[in-house]
Student: 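The structure under discussion is supplied below as structure tokens; questions concerning it will follow.
Each chain gets a letter, A, B and so on, in the order the sequences are listed, and its residues count up from 1. The analysis underlying the following values was restricted to heavy atoms, covering all of them including side chains, and did not include hydrogens, waters or symmetry mates. Because the structure is predicted, anything quoted here is derived from the model rather than measured.
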Number of protein chains: 2
Amino acid sequence: MVTQPVTVPNVERIHARYKAMLQALRRANYRITPQRMAVCQFLAETRSHPTPSEIYHAVKEQFPTISRATVYNTVAVLKDLGEIIELPSGGSAGVRYETDITPHVNLTCMRCGRIFDVALEDLDSILHEIDARTQFNVTSFHIEGYGVCPDCQEA
Amino acid sequence: MVTQPVTVPNVERIHARYKAMLQALRRANYRITPQRMAVCQFLAETRSHPTPSEIYHAVKEQFPTISRATVYNTVAVLKDLGEIIELPSGGSAGVRYETDITPHVNLTCMRCGRIFDVALEDLDSILHEIDARTQFNVTSFHIEGYGVCPDCQEA
DNA sequence: GCAAAAAGTTAGAACGAGTATAATTTTAGA
DNA sequence: TCTAAAATTATACTCGTTCTAACTTTTTGC
Ligand SMILES: [Mn+2]
Ligand SMILES: [Mn+2]
Ligand SMILES: [Zn+2]
Ligand SMILES: [Zn+2]
């Protein structure tokens, strides 16, 4: 039902994600800078699948001197570390970042542009089937659906 | 095994796809121009998931006066008609077009960049499950896997 | 502590995919 | 053949992303 499986209270989940991101940076010998902390904080809080520009503006409010280059650099590092996932985009739209790294399906509304999360069991049965049928070494995969969200169907 | 289910001989399949594209254009009252025929010809032949730029250069060899705008216009029309599918892309890479509209999974090799097709049964059982679990009206969806192809694993 | 080296941040330039525009050419149908 | 509508073309433009070089901060070695 276009909701995320809420098993952990939000405040705790956010804090856990934030700590995990910083921990991942530390483990890979990246330095923990105020800018990176601010970006991680925002990414841990949001559920909006933000674009780099949205991250930039959000962080800028609390941290007015941050530059776009730092945002791009930080998300690139977090992506390499597997803490966030880059969502491919079509046409001239920019990329978005997936901050919920638990396997799920993203449904993009072609009217309002929002992305909704759907938990689906057996997601990795797909991975197993691919493994069984190819010599390809698949490290990640994602499923995107496109259509019209409930809100936009009414209007 | 990173192959496409070859049920129809290639030459016939290509010709059938080509005719289907022109037919779709005609049905929707688009005019059949030499430029559109050349683009459709290339799209029917290729299995390379080409970018607009690759289409442009390929068609330019047989049709030196074609412009990029015409390529963009033509693929937009063919996409609207459902004859090709736009594959979202990450970062600064351009979109690619899926010319095989039968449901299958695309596996992208992160070393060599090639995209491989995998036929997978139960693809639309996923669609059904999404339907059952959401109010979202899903019109299309696709699955992409990322990893290392057999060739690149050896090297 | 102090200097040198390394890593990170920053503003702005550069790049390139994709879109918009307007003049010209071509098509389809009467 | 003639005409109106549609398509093609070169070009300008937009904007997301990457690159660059100067500057700042942090770490390292003495
Ligand atoms: Mn999501
Ligand atoms: Mn494919
Ligand atoms: Zn919507
Ligand atoms: Zn490869």
Side-chain angles (χ1 to χ4, degrees), chain A residues 21-22 24-42 48-81 84-97 113, chain B residues 21-42 49-81 84-97 113:
Chain A
M21 290 183 192
L22 294 194
L25 288 172
R26 257 188 289 269
R27 267 202 314 274
N29 290 316
Y30 288 102
R31 294 176 184 171
I32 310 299
T33 66
Q35 291 89 338
R36 281 175 179 165
M37 294 197 305
V39 169
C40 289
Q41 178 75 41
F42 173 74
S48 69
H49 307 83
T51 63
S53 201
E54 287 165 358
I55 300 168
Y56 169 71
H57 287 295
V59 172
K60 200 179 180 65
E61 300 211 346
Q62 311 295 329
F63 206 118
T65 67
I66 197 164
S67 78
R68 285 174 190 276
T70 297
V71 172
Y72 277 101
N73 165 68
T74 302
V75 294
V77 168
L78 290 172
K79 175 192 163 197
D80 282 348
L81 297 175
I84 59 177
I85 296 165
E86 190 180 88
L87 295 179
S89 68
S92 60
V95 301
R96 293 188 168 272
Y97 284 94
Chain B
M21 291 183 191
L22 294 194
Q23 204 44 246
L25 288 171
R26 258 188 288 268
R27 266 202 315 274
N29 289 317
Y30 289 101
R31 294 178 181 172
I32 310 299
T33 66
Q35 291 88 340
R36 281 176 178 163
M37 294 197 301
V39 169
C40 289
Q41 178 75 41
F42 173 74
H49 306 84
T51 62
S53 201
E54 287 165 357
I55 300 168
Y56 169 71
H57 287 295
V59 173
K60 200 179 180 64
E61 299 212 347
Q62 309 297 328
F63 206 118
T65 67
I66 198 164
S67 79
R68 285 172 189 277
T70 297
V71 172
Y72 277 105
N73 165 67
T74 302
V75 293
V77 168
L78 290 172
K79 176 192 162 194
D80 282 348
L81 297 175
I84 59 177
I85 297 165
E86 188 180 272
L87 296 178
S89 70
S92 58
V95 300
R96 293 188 167 273
Y97 284 95

Student: Salt bridge (charged side-chain N to carboxylate O under 4.0 Å, His left out): which pairs involve residues 56-71 of chain A, sequence neighbours left out?
Tutor: none
Student: Looking at every strand, decide which applies to B:Pro34 at a 4.0 Å heavy-atom threshold: base, sugar-phosphate, or nothing.
Tutor: sugar-phosphate
Student: Of all residues at least two apart in sequence or in a different chain, which pass the side-chain contact (heavy atoms from CB on, under 4.5 Å) check with A:Glu86?
Tutor: A:Lys79, A:Val95, A:Tyr97
Student: List in chain and number order the residues that pass side-chain contact (heavy atoms from CB on, under 4.5 Å) with A:Ala38, two or more places apart in sequence or in another chain; answer none if no residue qualifies.
Tutor: A:Val59, A:Phe63
Student: Just jot down the side-chain hydrogen bond (donor to acceptor under 3.5 Å, both in side chains) partners of A:Gln35, sequence neighbours excluded, or say none.
Tutor: none
Student: Does A:Val39 reach the side chain of A:Ile66, with side-chain heavy atoms less than 4.5 Å apart?
Tutor: yes
Student: Taking any atom closer than 4.0 angstrom to a non-hydrogen atom of chain B, what span of DNA chain D does the protein reach, first nucleotide to last?
Tutor: D:dA5 to D:dT18
Student: Polar-atom pairs under 3.5 Å, protein N or O versus N or O of nucleotides 3-7 of chain C: list them with distances, or write none.
Tutor:
{"from": "C:dA7", "atom 1": "O4'", "to": "A:Arg31", "atom 2": "NH1", "distance (Å)": "3.1"}
{"from": "C:dA7", "atom 1": "O4'", "to": "A:Arg31", "atom 2": "NH2", "distance (Å)": "3.2"}

Student: With sequence neighbours left out, write down each residue that passes side-chain contact (heavy atoms from CB on, under 4.5 Å) with A:Asp80, or none if nothing qualifies.
Tutor: none
Student: Could you tell me which residues satisfy side-chain hydrogen bond (donor to acceptor under 3.5 Å, both in side chains) with B:Ser92, sequence neighbours excluded, listed by chain and number?
Tutor: none
Student: Could I get a table of every N or O pair under 3.5 Å where one atom is in the protein and the other is in nucleotides 11-19 of chain C?
Tutor:
{"from": "C:dG18", "atom 1": "OP1", "to": "B:Val95", "atom 2": "N", "distance (Å)": "2.9"}
{"from": "C:dG18", "atom 1": "OP2", "to": "B:Tyr72", "atom 2": "OH", "distance (Å)": "2.8"}

Student: B:Gln23: what forms a side-chain contact (heavy atoms from CB on, under 4.5 Å) with it, not counting sequence neighbours?
Tutor: B:Arg26, B:Arg27
Student: OP1 or OP2 of C:dT9 less than 4.0 angstrom from a side-chain nitrogen or oxygen of A:Asn73, does that happen here?
Tutor: yes
Student: Please tell me which of B:Thr33 and A:Gln35 maps to the more 5' nucleotide of DNA chain C, matching each residue to the nucleotide holding its nearest heavy atom.
Tutor: A:Gln35
Student: How far does the helix from C:dG1-D:dC30 to C:dA30-D:dT1 bend, going by the axes of its first and last five pairs, to the nearest 10°?
Tutor: 40°
Student: For B:Arg96, give me all partners under salt bridge (Lys or Arg N to Asp or Glu O under 4.0 Å), at least two apart in sequence or on another chain.
Tutor: B:Glu54
Student: Using every non-hydrogen atom in the two residues, find where B:Pro52 and B:Val71 come nearest and quote the distance to one decimal.
Tutor: O-CG1, 3.7 Å
Student: Nearest heavy-atom pair of A:Ile32 and A:Leu22: which atoms, and what distance?
Tutor: CD1-O, 3.7 Å
Student: Please give me the minimum heavy-atom distance between A:Tyr56 and A:Ser67, naming the atom from each residue.
Tutor: CE1-C, 3.8 Å
Student: Between B:Pro88 and A:Gly90, which heavy-atom pair has the shortest distance, and what is it?
Tutor: CB-N, 3.9 Å
